[in-house]
Chemist: 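Please read through the structure below; I'll follow up with questions.
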Amino acid sequence: MLPSVCRIFNDNRYLCRPVRIPASRPEMKHANFEPFLILFLTGIFLVPIAGRFLHVFPVRNVTVVHASIPAKKTPVKVSQEVAASDSLKALTEDGDTISNTFTGMEFFYQSGRQVQSDHALLHIAYFGDSMIEGDLVTQSLRRFLQQKFGGNGIGFIPVTTPLPGFRTTIRQRFNNNWDVFSFVHKGTSGVHPGLSGYVYVSSQGAESTYESPPGYAPFHKAQILYGGNNSITMKVVTDTTTTVLSFPPSKSVSSFTVKPDTAFSLFGIKITSSEPGIFYGVNFENTPGIYVDNYAFRGNSGLPLTTIPTELFSELNSTLKNKLLIIHYGLNVFTPGVEDYHWYEIAMENVIRHVKESSPGISILMISMPDRSALILGEYHTPSGLPGFIRLQKRVAAREHVAFFNLYEAMGGANSMKKWVEGHPKLASDDYTHPNGAGAVRIASLVYDYLIKGYDQFTQHPDSLAVAKLSGNSL
């Protein structure tokens, strides 16, 4: 029997012609892979051209996430330019200035003088995103201010929290009998989120408990903030007492203060009425002084603040005695490689106008986003577009005549986040975006220094704040 290869080539005319298989196999292999080689060589040629094209024509459409999303823990990898070490000079283009300003801060500073002279009490509402979540930044700022002005208490706490146990300055427990609505999950008609970005509708049996952790001061009084068109009955429990309270229908915001004869470390409410009630949270305070309220909402760009109705915003300000509103956003908006944020500039101007309209006689302070780093060509650096974004935030503050604190500059400017992550002590997490506990204390100290330098200047020269400027380098 002939070998099978011979039978294939046997056409009766070339019966004995040898088959040259060894010589043909290399040619066949070369022919099979030639298209892949062409594609590979074409890709090497086109990638640099595509990169140059994308650099000239950057992406313009950016979707801002307002939802409560987990913070990214993986580093951002981009291919773009690095911010120069002297990039702060970019903020002075077109006559702009990098200086911190105190426009409108006299409302807060005058109230601060009354705290010291007349034993008054005031609150600071600190609005932010995941950077202040868990009472980061605000717990240290609260401690610094209370050491100087007095005050003993944690301030406003929402009814529930998305991350129970994450915040160490208070312990919270609650059940599932609350309907939770927020900036993201809208409520029914007439139910709007409060300053925290949340509002809570009770059903019978809804419970929420607050406990002061070891090492923190006990509670002395608790102010319940509620509203709605229905009568509400609840059982209030402390360490030593149990009380039944009944509230008639009220305006959009009402409050009731529970003040036992002795201090207490546990405070709980349990709703016993069947009709739904509207709740915003509980305010814990004691003695005259300053209280800093943490309004963290993960993933927030700041734009949802416009969804808080003006009347509700104003009544919550009045109930809590707010005298300073701090607006601190940007981490969820700025994206390395994106250059056009004109849409955000216009939107934030509308936000500030809405906040001002809702807060007459209350100071407003915009704090810039901090430095952050991205992985550029294998190294972590400040993206080149970040100084321009800080400049945008400064323009919004200037146009709307509110105060501005340049946190980016106070941290050290370009590549300061890289130093915070890689230095000793370590001040930021490995995502090169969020401060850790020690970094949050540092940021709080920078904000405190800004506030106190302005306060000292106001007490010495009350008419100077309208044009006062304080260089960030002096901080």
Side-chain angles (χ1 to χ4, degrees), residues 68-73 123-147 151 153-158 160-172 183 195-198 210-217 281 284 290-302 324-334 365-373 405-408 410-412 416-417 419-421 423 425-451 475:
S68 179
I69 58 175
K72 295 180 179 179
K73 295 183 179 180
H123 280 244
I124 297 174
Y126 200 123
F127 299 93
D129 48 33
S130 58
M131 197 183 79
I132 68 167
E133 195 171 31
D135 212 13
L136 289 178
V137 178
T138 46
Q139 63 177 306
S140 298
L141 181 60
R142 182 185 308 116
R143 184 175 71 254
F144 297 154
L145 288 168
Q146 289 183 346
Q147 287 173 350
I154 197 169
F156 178 86
I157 306 294
T160 73
T161 174
L163 297 172
F166 181 58
R167 181 170 180 170
T168 61
T169 51
I170 195 166
R171 293 175 176 173
Q172 278 185 267
F183 288 148
L195 301 184
S196 67
Y198 293 92
Y210 308 83
E211 187 175 0
S212 180
Y216 288 89
F284 296 97
I290 293 181
Y291 297 83
V292 180
D293 300 330
N294 180 289
Y295 294 122
F297 197 103
R298 182 178 291 197
N300 194 359
S301 65
L324 173 63
L325 310 179
I326 296 179
I327 312 295
H328 192 177
Y329 296 105
L331 283 180
N332 293 288
V333 182
F334 176 76
L365 167 63
M366 278 191 67
I367 298 182
S368 80
M369 69 169 286
D371 184 40
R372 63 166 295 185
S373 297
F405 173 58
N406 192 334
L407 177 59
Y408 169 78
M411 287 176 61
S416 55
M417 180 57 74
K419 297 175 182 177
W420 280 37
V421 174
K426 185 181 178 70
L427 298 176
S429 63
D430 291 335
D431 64 359
Y432 285 77
T433 300
H434 294 85
N436 60 17
V441 175
R442 177 72 62 86
I443 290 175
S445 69
L446 295 172
V447 176
Y448 174 79
D449 286 346
Y450 162 86
L451 293 175
L475 297 179

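These figures come from a predicted structure and were not determined experimentally. Side-chain atoms are counted along with the backbone in the values below, which use heavy atoms only and exclude waters and symmetry mates.
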Chemist: List the atom of Arg167, the atom of Asn294, and the distance in Å for their closest heavy-atom pair.
Modeler: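 Scanning both residues completely, I find the closest heavy atoms to be NH1-CB, 4.2 Å.
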Chemist: Between Phe405 and Leu365, what is the shortest heavy-atom contact and its length?
Modeler: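 Heavy atoms only, the tightest pair is N-CD1, 3.8 Å.
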Chemist: A side-chain contact here means heavy atoms from C-beta on lying under 4.5 Å apart; do Gln139 and Tyr216 qualify?
Modeler: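 Sidechains of Tyr216 and Gln139: in contact.
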Chemist: With a 4.5 Å limit on heavy-atom distance, are the side chains of Leu331 and Pro370 in contact?
Modeler: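 They are in contact (side-chain heavy atoms under 4.5 Å apart), so the answer is yes.
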Chemist: I'd like to check Pro164 versus Gln172 (side-chain heavy atoms, cut-off strictly below 4.5 Å). Are they in contact?
Modeler: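 With C-beta onward as the side chain, the pair stays apart.
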Chemist: Any heavy-atom pair between the side chains of Ile443 and Trp420 that's under 4.5 Å?
Modeler: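 Trp420 reaches Ile443 side chain to side chain.
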Chemist: Between Gln146 (side chain only) and Ile290 (backbone N and O only), is there a donor and an acceptor less than 3.5 Å apart?
Modeler: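 Yes, Gln146 side chain to Ile290 backbone: donor-acceptor pair under 3.5 Å.
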Chemist: Here's a test for you: under ring-ring contact (aromatic ring centres under 6.0 Å, His included), which of Tyr291, Phe284, Tyr295 qualifies with Phe156?
Modeler: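 Exactly one option meets the ring-ring contact (aromatic ring centres under 6.0 Å, His included) with Phe156, and it is Tyr295.
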Chemist: Look at atom NZ of Lys419 and say whether more than 12 heavy atoms of other residues, nucleotides or ligands are closer to it than 6.0 Å.
Modeler: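 Atom NZ in Lys419 is not crowded, with 12 or fewer foreign heavy atoms closer than 6.0 Å.
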Chemist: For the pair Leu163 and Arg298, evaluate side chain to side chain contact (heavy atoms under 4.5 Å, CB included) and give the outcome as yes or no after the intermediate values.
Modeler: CA-CA 11 Å; Leu163 297 172; Arg298 182 178 291 197; 3.3 Å; yes
Chemist: For Phe127 and Leu195, which heavy atoms make the closest approach, and how far apart are they?
Modeler: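 So the two residues come closest at CE2-O, 3.3 Å.
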Chemist: Can you tell me how far the CD1 atom of Ile132 sits from the NE2 atom of His434, to the nearest 0.5 Å?
Modeler: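 The CD1 atom of Ile132 sits 11.0 Å away from the NE2 atom of His434.
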Chemist: Looking at CG of Leu446 and CG of Asn406, how far apart are the two atoms once the value is rounded to the nearest 0.5 Å?
Modeler: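 Output value for this atom pair is 11.0 Å.
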Chemist: Work out which heavy atom in Gly330 is nearest to a heavy atom in Asp129; give both atom names and the distance.
Modeler: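 The pair with the smallest heavy-atom distance is N-OD2, 4.2 Å.
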Chemist: Please report the shortest heavy-atom distance between Pro162 and Tyr198, naming the atom on each side.
Modeler: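 Looking at all heavy atoms of both residues, the closest pair is CG-OH, 3.3 Å.
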Chemist: Please examine the side chains of Arg142 and Asp135, heavy atoms only from C-beta on, and report whether any two atoms are closer than 4.5 Å.
Modeler: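 Yes - at least one pair of side-chain heavy atoms lies under 4.5 Å apart.
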Chemist: Roughly how far, to the nearest 0.5 Å, is the CG atom of Asn436 from the CZ atom of Arg442?
Modeler: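 Atom-to-atom, Arg442:CZ and Asn436:CG are 10.5 Å apart.
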Chemist: Hey, does Tyr450 have a side-chain heavy atom less than 4.5 Å from the side chain of Leu407?
Modeler: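 In short, these two side chains do not touch, never coming nearer than 4.5 Å.
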Chemist: OG of Ser445 to CZ of Arg143: how many Å apart, nearest 0.5 Å?
Modeler: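 The OG atom of Ser445 sits 10.0 Å away from the CZ atom of Arg143.
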Chemist: Closest approach of Pro435 and Ala440, non-hydrogen atoms and distance?
Modeler: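 Here Pro435 and Ala440 meet closest at CB-N, 3.8 Å.
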Chemist: Rounded to the nearest 0.5 Å, what separates atom CE in Met411 from atom CE in Met369?
Modeler: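 Going from the CE atom of Met411 to the CE atom of Met369 covers 9.5 Å.
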Chemist: Once you round to the nearest 0.5 Å, how far does OH of Tyr126 lie from CD1 of Ile327?
Modeler: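 Reported value, rounded in 0.5 Å steps: 10.5 Å.
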Chemist: Applying side chain to side chain contact (heavy atoms under 4.5 Å, CB included), run through Val421 and Lys426 and close with a yes or a no.
Modeler: CA-CA 5 Å; Val421 174; Lys426 185 181 178 70; 3.5 Å; yes
Chemist: Measure from the side-chain N and O atoms of Asp371 to the backbone N and O of Met417, and report whether any donor-acceptor pair falls under 3.5 Å.
Modeler: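 Yes: the side chain of Asp371 pairs with the backbone of Met417.
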Chemist: Are the side chain of His328 and the backbone N or O of Ser368 linked by a donor-acceptor pair below 3.5 Å?
Modeler: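 The answer is yes, because a donor-acceptor pair under 3.5 Å joins these two groups.
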